[in-house]
Amino acid sequence: MKTMLETLMTVGYGELIVYGLIINFGIYIGSMGLYTVLSNFPKARKMGNQHPITGSDITLSLITVICNTFVFLLGVWLWKYGFIQLSEQQQWWRVLAELLCLTVIMDFLMYVFHRAVHFVRQFRKLHERHHQHQSTNMLSLFVLHPIESIGFGLMMLAVIYVVPFSAIGISLYLGLNSLWGTIGHLHHTVLPPSWLKLAKRGYICTSEFHYLHHQHPDFNFGFYSSVWDVVFKTVHPGVRQ
Ligand SMILES: [Zn+2]
Ligand SMILES: [Zn+2]
């Protein structure tokens with residue numbers, strides 16, 4: 001990781017843009033691959049028909065990849081010029097603690113902002129495009145208004161600005177974010193039905209949990225955990241059964 005950081009510190013902007021595009025297109029293609037594998041999992045149960053993939057979905061998802069690349073470049077720039085400090089954690093348990101800490105902080109912030117974009121009229125328009133997918137498809141995770149994509153990135157950079165995390169911790173968090181975002185947007189459920197009860201208890205968000213949000217947008221705002229939905233009583237009744 002140190003060599004990677006040294007490379008990022010010394011390369012020019014042209015190469016940085018290429019690195020950013022490779023990383024973010026890698027995440028995009030990896031998410032679609034995982035979606036396909038999980039959807040064809042022998043025990044996968046279909047929750048509804050796949051939302052048709054349109055030309056506009058493809059264009060918007062590619063714009064999201066560009067936005068994510070922009071956030072990556074901004075993050076590297078802020079780090080290069082000392083605005084963002086990275087911790088030097090190398091011990092595995094400290095890195096895992098960082099991953100947990102970053103996930104918990106982002107989980108709360110994402111619940112707050114997700115709920116805000118649903119209920120504040122001025123923000124609602126931004127999120128409407130994502131909710132045109134009443135069911136989901138392999139691109140749903142990336143079908144976002146550019147302000148939403150950049151807003152998520154800036155929120156993460158703000159957290160990293162306040163609390164120095166290590167590059168490994170941040171990378172693991174971004175990996176988890178892609179993994180959970182992909183699982184959350186499956187139109188199949190690959191976890192046993194009893195796992196939905198974990199969502200009810202405030203543990204984790206499952207595919208069904210977020211699928212219900214696409215069907216009933218006034219409920220289930222959580223992304224990683226459903227704890228804030230439980231606390232603020234926004235869990236869909238279908239989860240409580
Ligand atoms: Zn969604
Ligand atoms: Zn929503």
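Counting starts at 1 for both ligands and their atoms, in listed order. Any value given below was found using the heavy atoms of this structure, including those in side chains, with hydrogens, waters and symmetry copies removed. Residue numbers start at 1 and run along the sequence shown.
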Can you name the salt bridge (charged side-chain N to carboxylate O under 4.0 Å, His left out) partners of E15, sequence neighbours left out?
none
H133: what forms a ring-ring contact (aromatic ring centres under 6.0 Å, His included) with it, not counting sequence neighbours?
H51
Vertex the Zn ion (ligand 1): angle to NE2 of H210 and NE2 of H185, to 10°?
90°
Measure from the side-chain N and O atoms of N177 to the backbone N and O of Y173, and report whether any donor-acceptor pair falls under 3.5 Å.
no
Does the ring centre of H188 sit less than 6.0 Å away from the ring centre of F41?
no
At less than 2.8 Å, how many protein N/O/S atoms surround the Zn ion (ligand 2)? Leave waters out.
5
Where at least one partner belongs to residues 71-83, residue pairs that pass side chain to side chain donor-acceptor pair (under 3.5 Å), sequence neighbours excluded:
Y13-W77
Looking at Q134, I want to see if its CD is surrounded by more than 12 non-hydrogen atoms of other residues, nucleotides or ligands under 6.0 Å.
no
